[in-house]
Amino acid sequence: TTTFEGTKVVFTFTDGTTIETEPFDLTVTNEPKFHFVNTIPSSKWYEPTDRTQPIEFGRTNAAESQTFYIYNWGSAPLTVKEVRLPEGFTTSLTVPATVAPFDENNLSAAAQAIDIIFSSATPGDFSGNMEIVYIDGTGADAVFSLPVSGTMLDPDKWYAHFNDNSWPLGATYDDNMSLTYVATGDYAISSSSTTKNLFITPKLTATAGEKFTFDAKLYGTSWLNGEVVVYLAETRGDLTDTEAGERREIFRVSGDDRLTTDFQTFEFTIPSAGDYYLGFEISNRAYVDELYGLVLAEAGLDLDLASYSIPTAGMQNIPLTATLNVRNFGLSDVAAADYFVVAAIGDVKTTAEQGTVAIPMTPKLTADGAVVSVSFQSPKAGTYPVTIALTDAEGNILVETAPVDVAFAEEQAVGDLTVGTPAGTMFDAPLYLNYKNSESVTLYNAATLAEYGVTPGAKITSITYKGYKTTDEQTTSLQVYYEW
């Protein structure tokens with residue numbers, strides 16, 4: 001920094017007139033100027049202001065990071081000597097680091113990205129101050145400080161928040177459930193209805209007496225009848241089938257009992273060890289968020305049969321096509337190579353055929369699934385129960401239709417087909433005519449028959465050979481015996 005005492009500004013006009021200002025001290029700086037900001041400034045005219053809000057990570061069960069910027073508004077390079085963080089936090093910035101001076105033609109040049117990473121290897125609450133040590137314009141060390149905090153959950157426990165405005169993998173929801181905006185970067189699940197208002201976790205493994213927590217609140221004072229009821233069941237179907245009586249209510253909270261317009265954390269206990277689904281029945285605009293506890297159960301393919309169509313009539317040896325509408329409630333999309341389709345006609349099962357279409361995840365309980373088609377045919381006439389199943393590679397049934405009686409009529413002749421085209425005359429095909437008691441073999445493979453219209457499964461009722469005598473003098477009588 002340099003100060004020029006007695007500085008004047010002189011204005012000279014075209015007519016020779018001059019005007020001088022009163023003397024003043026002019027200070028010229030050539031020094032860095034530190035700022036800590038959320039984003040790179042977008043205007044060269046406005047000096048940025050430092051972030052003052054604490055850096056909060058909230059609850060998480062995996063490493064997370066937030067990106068900020070050290071910005072140099074000064075005319076000299078800025079030196080960052082050190083970044084000090086409390087236990088559980090690290091940074092991506094390698095120090096010492098030099099940040100270029102401000103450039104009005106390239107505002108990004110004076111920005112240095114810095115990631116603050118919350119990555120504790122052990123669960124718990126972590127907090128303290130982030131301190132950035134830099135050299136200021138006088139050459140002395142200066143410190144910029146902000147509080148930083150986060151709660152690391154047990155990474156082995158299932159945890160669901162809705163901050164990314166999406167449903168957790170393996171979870172399902174009913175028609176009247178929705179993701180609802182709460183605040184910037186924060187969503188919850190909610191329903192204003194009292195029907196079809198169920199959210200179901202993926203299958204979770206619990207030990208006896210294990211705790212599960214969630215946050216909940218009322219939408220507002222005009223919805224004091226908001227309520228959350230939690231059910232426990234061994235299958236997803238037991239949660240959705242309210243008439244079966246297989247689900248157990250294990251927790252209830254409402255506007256009449258503890259639920260307020262502020263989020264609170266509620267806790268309940270799993271009574272016995274096992275694999276369970278938890279169902280959250282949310283009504284009258286109650287909000288639910290931050291679900292935590294138990295362990296995600298080992299997941300295989302988790303398919304659900306939405307609907308199916310099996311023809312009830314056909315003809316023996318003629319293929320029929322059945323269709324299955326299959327939902328995927330699992331943790332990932334199911335590739336066509338991951339499942340097989342098997343048809344059972346009476347007691348006879350067809351050979352398992354590999355799937356032909358992928359089955360994407362469909363978390364909504366009533367959503368349309370992927371359409372899987374399969375052909376089947378009966379070699380015999382009659383009425384037989386037909387079932388269609390999807391299996392995994394080991395043959396375990398994933399979904400299966402109920403038996404449908406299919407009437408297979410006896411095949412009927414529908415016409416004549418000529419196989420082959422005349423190419424000339426010869427005495428040894430299809431019959432060898434030179435000698436008595438001679439034999440001849442004619443072979444028609446499947447491809448040749450198909451080429452002339454004899455499709456796989458078609459029944460051949462008779463074979464006729466046509467020919468003619470080559471001379472008028474031919475009077476020999478022929479007797480031919482054939483088998484096929």
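We use all heavy atoms of the structure for the numbers below, so side chains are in, but hydrogens, waters and symmetry mates are not.
Crowding of Glu400 atom CD: a count of heavy atoms from other residues, nucleotides or ligands under 6.0 Å exceeding 12. Around the NZ atom of Lys44, the shell of radius 6.0 Å holds more than 12 heavy atoms that belong to other residues, nucleotides or ligands. Taking a 6.0 Å sphere around OH of Tyr219, one finds it holds 12 or fewer heavy atoms contributed by other residues, nucleotides or ligands. Heavy atoms from other residues, nucleotides or ligands lying under 6.0 Å from CD of Gln53 number more than 12.
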**Report entry** Test side chain to side chain contact (heavy atoms under 4.5 Å, CB included) applied to Tyr384 and Val406, step by step
**Finding:** CA-CA 6 Å; Tyr384 305 99; Val406 180; over 6 Å; no
Query raised in the report: Would Thr180 and Tyr287 count as a side chain to side chain contact (heavy atoms under 4.5 Å, CB included) if you check the C-alpha gap in whole Å, the side-chain angles of each, and the deciding distance to 0.1 Å?
Result: CA-CA 8 Å; Thr180 302; Tyr287 284 10; 3.3 Å; yes
Query - Derivation and outcome, side chain to side chain contact (heavy atoms under 4.5 Å, CB included), residues Thr201 and Tyr276 - result: CA-CA 9 Å; Thr201 68; Tyr276 302 105; over 6 Å; no
Report task. Apply side chain to side chain donor-acceptor pair (under 3.5 Å) to Asn396 and Thr391, showing your working. Result -> CA-CA 5 Å; Asn396 300 308; Thr391 72; over 6 Å; no
Query raised in the report: Are Val371 and Val357 close enough, and set up right, to give a side chain to side chain contact (heavy atoms under 4.5 Å, CB included), and what steps lead you there?
Result: CA-CA 8 Å; Val371 177; Val357 297; over 6 Å; no
Query raised in the report: Could you go step by step and tell me if Asp125 and Thr151 meet the side chain to side chain donor-acceptor pair (under 3.5 Å) rule?
Result: CA-CA 4 Å; Asp125 296 324; Thr151 298; 2.7 Å; yes
Report task. Check the pair Lys157 / Glu210 against salt bridge (charged side-chain N to carboxylate O under 4.0 Å, His left out), numbers first and verdict last. Result -> CA-CA 11 Å; Lys157 301 293 186 183; Glu210 191 168 355; 2.6 Å; yes
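Within the 3.5 Å criterion, the main-chain N or O of Lys364 finds no donor-acceptor partner in the side chain of Thr362. Panel note: side chain Thr91, backbone Leu93; a donor-acceptor pair is recorded below 3.5 Å. In this structure, the side chain of Gln316 does not engage the main chain of Gly382 through any donor-acceptor pair within 3.5 Å. Not one N or O on the side chain of Asn176 forms a donor-acceptor pair closer than 3.5 Å with the backbone of Ser191. Side chain of Thr172 to backbone of Pro363: no donor-acceptor contact under 3.5 angstrom is found. No donor-acceptor pair under 3.5 Å is formed between the side chain of Ser375 and the backbone N or O of Pro319. Panel note: side chain Asp136, backbone Gly139; a donor-acceptor pair is recorded below 3.5 Å.
Judged by distance alone, the side chains of Thr260 and Asp262 never bring a donor and an acceptor atom under 3.5 Å apart. With hydrogens and angles left out, the side-chain atoms of Asn197 and Ser283 include no donor and acceptor closer than 3.5 Å. Checking Thr383 against Asp405 by side-chain atom types alone, no donor-acceptor pair falls below 3.5 Å. Under 3.5 Å, the side chains of Thr261 and Lys217 contain no donor-acceptor pair of N or O atoms. Checked by atom type, the side-chain pair Ser254/Asp256 shows no donor-acceptor distance below 3.5 Å. Residues Asp115 and Thr67 bring a donor and an acceptor atom of their side chains to less than 3.5 Å of each other.
At least one test fails for Arg51 against the ring of Phe36: distance under 6.0 Å to the centre or angle within 45° of the axis. For the pair Arg59 and Tyr292, the distance from NZ or CZ to the six-membered ring centre is under 6.0 Å and the angle to the ring normal is within 45 degrees.
The aromatic rings of Trp167 and Tyr173 sit parallel to each other, their planes meeting at less than 30°, with 60° as the upper class boundary. Ring-plane geometry between Phe102 and Trp73 is classed as tilted, the angle between the planes lying from 30 to 60 degrees on a 0 to 90 degree scale. Using cut-offs of 30° and 60° for the angle between ring planes, the Phe162 and Phe199 rings count as perpendicular.
In this structure, the side chains of Ile189 and Met177 come closer than 4.5 Å at one or more pairs of heavy atoms. The shortest distance between side-chain heavy atoms of Val229 and Glu227 falls below 4.5 Å. Residues Leu390 and Ile397 form no side-chain contact, since every pair of their non-hydrogen atoms from C-beta on lies 4.5 Å or further apart. Contact check for Lys380 versus Phe408: no side-chain heavy atoms found under the 4.5 Å cut-off. Here the side chains of Val230 and Phe266 are not in contact, with every heavy-atom distance at 4.5 Å or above. For the pair Leu278 and Leu294, the minimum side-chain heavy-atom distance is below 4.5 Å. Side-chain atoms of Glu281 and Arg247, non-hydrogen and from C-beta on, do get closer than 4.5 Å to each other. Between Asn317 and Ser378 there is no side-chain heavy-atom pair separated by less than 4.5 Å.
When all heavy atoms of Ile388 and Ala322 are compared, the pair lying nearest together is CG1-CB, 4.1 Å. The minimum heavy-atom distance linking Pro48 with Val37 is given by the pair CB-CG1, 3.9 Å. A pairwise comparison of heavy atoms in Asp289 and Tyr187 identifies OD2-O, 3.2 Å as the closest pair. The shortest heavy-atom contact between Thr98 and Pro77 is CG2-CB, 3.9 Å. Residue Ala208 comes nearest to Pro271 through the heavy atom pair CB-O, 4.1 Å, listed as atom of the first residue, atom of the second, then distance. Between Asp25 and Glu5, the closest heavy-atom pair is OD1-CA, 3.1 Å.
Looking at residues two or more places apart in sequence or on another chain, you find a salt bridge (charged side-chain N to carboxylate O under 4.0 Å, His left out) between Glu82 and Arg84. Considering only residues two or more places apart in sequence or on other chains, Tyr159 meets the side-chain hydrogen bond (donor to acceptor under 3.5 Å, both in side chains) condition with Glu290. Shown here are the side-chain hydrogen bond (donor to acceptor under 3.5 Å, both in side chains) partners of Glu64, two or more places apart in sequence or in another chain: Thr60. Among residues two or more places apart in sequence or in another chain, the side-chain hydrogen bond (donor to acceptor under 3.5 Å, both in side chains) test is passed with Tyr277 by none.
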Just list the side-chain donor-acceptor pairs under 3.5 Å for residues 105-114, sequence neighbours left out, or say none.
from: Asn106; atom 1: OD1; to: Ser108; atom 2: N; distance (Å): 3.4

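Shown are Val148, Val143, Val83, Leu85; of these, the side chain to side chain contact (heavy atoms under 4.5 Å, CB included) with Glu131 is made only by Val143.
For the side-chain hydrogen bond (donor to acceptor under 3.5 Å, both in side chains) condition, the pairs that include at least one residue of residues 321-342, sequence neighbours left out, are Asp304-Arg327.
Taking the six-membered ring for Trp, Phe118 and Phe57 have ring centres closer than 6.0 Å. A distance below 6.0 Å separates the ring centres of Phe251 and Phe214. For an aromatic pair to be called close, the ring centres must be under 6.0 Å apart, and Phe144 with Tyr134 fails this.
Residues Glu47 and Lys33 are paired through a salt bridge, judged by an N-O separation under 4.0 Å between the basic side chain and the carboxylate.
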